[in-house]
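Below is one structure, written out as structure tokens; comments come after it.
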There are 2 protein chains.
Amino acid sequence: MTATNVLTAMIEKLEMRCALSEDDRRAILALPHTLASYGPKAYIVREGDLAGGICAFALSGLAFRQKLTTDGARQIVALHLPGDFLDLQHLFLRVADHSVQAVGHLEVVQLEHGALQRLIRERPMVGQALWIDSLVEASIFREWVTNVGRRNARARIAHLLCEFAVRMRVSGLTDEAGRCDLPMTQEELGDAVGLTSVHVNRTLRGLEAEGLIQRDKRRISFDDWQAISQIADFNPRYLHLDQVSRGGG
Amino acid sequence: MTATNVLTAMIEKLEMRCALSEDDRRAILALPHTLASYGPKAYIVREGDLAGGICAFALSGLAFRQKLTTDGARQIVALHLPGDFLDLQHLFLRVADHSVQAVGHLEVVQLEHGALQRLIRERPMVGQALWIDSLVEASIFREWVTNVGRRNARARIAHLLCEFAVRMRVSGLTDEAGRCDLPMTQEELGDAVGLTSVHVNRTLRGLEAEGLIQRDKRRISFDDWQAISQIADFNPRYLHLDQVSRGGG
DNA sequence: CGGAAGGTTGATTGAAGTCAAAGCCAGTGG
DNA sequence: CCACTGGCTTTGACTTCAATCAACCTTCCG
């Protein structure tokens, strides 16, 4: 992967959020940047940190956002795939209200806040695309509140799987048969949906026994998308995958 | 309330998010706008709606964001006080992924998307303030995921009360003794924290019996802030009340 | 080959949900 | 002025879903 197509990944992502001009694209490609990688469980951001002056954009691997409660419980509040910004919020928020952690091996491009801020100032449509990206993220948070607050274990887990599968598909990370890797432990899945690992295990096995999903190691496939998305009460509207057309700049 | 100081409320809000220049303020005050009001339970936005071309900024009253699951359960995903934008996201997102509903009587200023977009283009710092506002909202969503996913009934309710009290205080809506009106039914409180109204009732009475809060109708006061915020595991960091200084424009 | 991390299973407990009735209170209309 | 109504709150009895605790099993990797 050359330095150039690294930023191309970012352009592709932003063009999902709103249309960019040739000048916009050129300005992005001109951005100074560095590659970095993190090992499993490495922190990209820690709750309480002061903004560090750089933003990370994921190129490969998986990461999640998490918060801890005082009594030590963890809540995973978001999953991030390649093509996601991991800490855009710190462009503007001074102190980190949550941590961002790599799941397995994670590769990112790092961009300086200063350079990004200049880009946003000079190319307003790029700023708008970034803003829209953060609005979509907020929409996903709302869905997660609903998932954790109002669905039972079966639906919650099914919902997480559906969201993951759709986002992986959109990013071109599923195989022809719709299988994808979900390299999270059952404990982590539990922390993402507000359940214990034991109950996640039983529920996953239940879904598998019913012939709704198949698992092989941590690779997962969906035998009956219709059925599982119904159980999950999954409606992809909240992912706002239809954004491109809009944007009133 | 004259037309001028209506927009002053909006300036005050934005100046909590980042510093504005005299020109920025002037541009905001020049914004064409109309006043509107909604009765109890009126919808400002309905899930599935196409963006309607106007944004509402709350002047008085209370509103919440909610999502419904297929089996009819409701999750309230956010509360909004005077001084909050109610549907800023539709400036950029085409279809509403959730509804916004008035609690009691609600007064708003309405601003045309076109005018707002022009403002954002011409006064980038105002755009930044609005963006930051949506980032802070996203941070609150993350906290809510955690609240609903990892805290027990007592802590969840206490947390909601603490957040509400702090935000009311910041907006100058509490009395000298820190009392404030929380005009929601116990059913609505339950829908905000993922519990049933019956359990909310028992838990509230529990908190009251322990001398942590006092209730009178739907007015609430905190007898021992230290204790209740500890029970709630409440840390106001996620509200990002310290924003003003920052902003790299 | 051994150890650690993660997955699976069973038995038991417990927090919150459900169902149902009764109490309270503000507003309305006779 | 009081009875009536409807919406909310409160309470009790019972149920259920998920948590907890504790093994045991499997897989992977050094």
Side-chain angles (χ1 to χ4, degrees), chain A residues 39-41 62 69 71-76 101 103-105 147-161 181-210 213-220 231, chain B residues 39-41 62 69 71-76 101-105 147-161 181-210 213-220 231 233:
Chain A
K41 314 224 168 151
L62 215 64
T69 64
D71 56 354
R74 168 175 68 171
Q75 178 69 44
I76 292 175
Q101 197 175 10
V103 176
H105 186 77
N147 199 36
V148 163
R150 282 295 180 230
R151 297 197 185 101
N152 63 24
R154 212 168 108 93
R156 264 187 235 187
I157 291 177
H159 195 281
L160 184 76
L161 297 180
D181 287 316
L182 177 51
M184 292 168 70
T185 65
Q186 295 181 356
E187 176 129 35
E188 287 165 339
L189 288 174
D191 286 343
V193 292
L195 296 169
T196 59
S197 62
V198 172
H199 204 61
V200 167
N201 181 278
R202 292 196 237 264
T203 309
L204 275 178
R205 315 215 90 228
L207 292 172
E208 196 173 22
E210 289 175 73
I213 59 172
Q214 277 181 47
R215 297 179 306 148
D216 175 32
K217 299 290 143 57
R218 289 182 190 162
R219 173 156 271 257
I220 191 169
I231 285 166
Chain B
K41 313 221 168 153
L62 217 63
T69 64
D71 56 353
R74 169 174 68 171
Q75 178 70 44
I76 292 175
Q101 198 176 9
V103 176
H105 186 79
N147 199 36
V148 163
R150 283 294 181 230
R151 296 196 185 102
N152 63 25
R154 213 167 107 93
R156 265 188 234 187
I157 292 177
H159 195 279
L160 184 77
L161 297 180
D181 286 317
L182 177 51
M184 293 167 69
T185 65
Q186 294 180 359
E187 175 130 34
E188 288 165 339
L189 288 174
D191 286 342
V193 293
L195 296 169
T196 59
S197 62
V198 172
H199 204 62
V200 167
N201 181 277
R202 292 196 238 264
T203 309
L204 276 178
R205 315 216 89 228
L207 291 172
E208 195 173 22
E210 290 175 71
I213 60 172
Q214 276 181 49
R215 296 179 308 147
D216 176 33
K217 300 287 144 58
R218 290 181 189 162
R219 173 156 272 257
I220 192 169
I231 284 166
D233 185 28

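Throughout, protein chains are lettered first and strands after them, A, B, ... in sequence-line order, and every chain is numbered starting at 1. Keep in mind that what you see is a predicted model, and the values were worked out from it rather than measured.
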CZ-CD distance between A:R74 and A:E187, expressed to the nearest 0.5 angstrom:
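So the gap between those two atoms works out to 6.5 Å.
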Less than 4.0 Å between a side-chain N and a carboxylate O, is that true for B:R150 and A:D191?
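Looking at B:R150 together with A:D191, the answer is yes, because their closest N to O distance falls below 4.0 Å.
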Considering non-hydrogen atoms only, spot the tightest contact between [X] and [Y] and give its length.
X: A:L195; Y: A:A153; result: CD1-CB, 3.7 Å
X: B:L189; Y: B:M184; result: N-CE, 4.0 Å
X: B:A192; Y: B:L160; result: CB-CD2, 4.3 Å
X: A:V200; Y: A:I157; result: CA-CD1, 3.8 Å
X: A:I213; Y: A:I220; result: CD1-CD1, 4.2 Å
X: A:G39; Y: A:H105; result: CA-ND1, 4.4 Å

So, is A:N201 near the phosphate of C:dT8, with a side-chain N or O under 4.0 Å from OP1 or OP2?
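So the side-chain polar atoms of A:N201 do come within 4.0 Å of the phosphate oxygens OP1 or OP2 of C:dT8, strictly under.
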Can you sort out which residues in residues 181-194 of chain B have a heavy atom within less than 4.0 Å of DNA chain D? Ascending by number, please.
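The answer is B:T185, B:Q186.
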Near DNA chain D, which residues from residues 149-160 of chain A have a heavy atom under 4.0 Å away?
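Here the set is A:N152, A:A153.
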Not counting sequence neighbours, which residues clear side chain to side chain contact (heavy atoms under 4.5 Å, CB included) with A:I231? List them please.
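Partners of A:I231 by the side chain to side chain contact (heavy atoms under 4.5 Å, CB included) criterion, ordered by chain and then number, come out as A:R154, A:A158, A:L212.
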With sequence neighbours left out, write down each residue that passes side chain to side chain contact (heavy atoms under 4.5 Å, CB included) with B:R219, or none if nothing qualifies.
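B:R219 satisfies side chain to side chain contact (heavy atoms under 4.5 Å, CB included) with B:D175, B:R179, B:D181 only.
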Reading DNA chain D in the 5' to 3' direction, which nucleotide is the first one with an atom under 4.0 Å from a heavy atom of chain A, and which is the last?
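The protein-touched segment is D:dA18 to D:dC28.
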pair B:V198-B:Q186: side-chain heavy atoms closer than 4.5 Å
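A side-chain contact under 4.5 Å is absent here.
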Would you find a donor on one side and an acceptor on the other, under 3.5 Å apart, between the side chain of B:R156 and the backbone of B:G194?
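Between the backbone of B:G194 and the side chain of B:R156 there is a qualifying donor-acceptor contact (under 3.5 Å).
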If the sugar-phosphate is the primed atoms plus P, OP1 and OP2 and the base is the rest, what is the B/S/- string for nucleotides 18-29 of chain C, using protein heavy atoms under 4.0 Å?
BB------S---
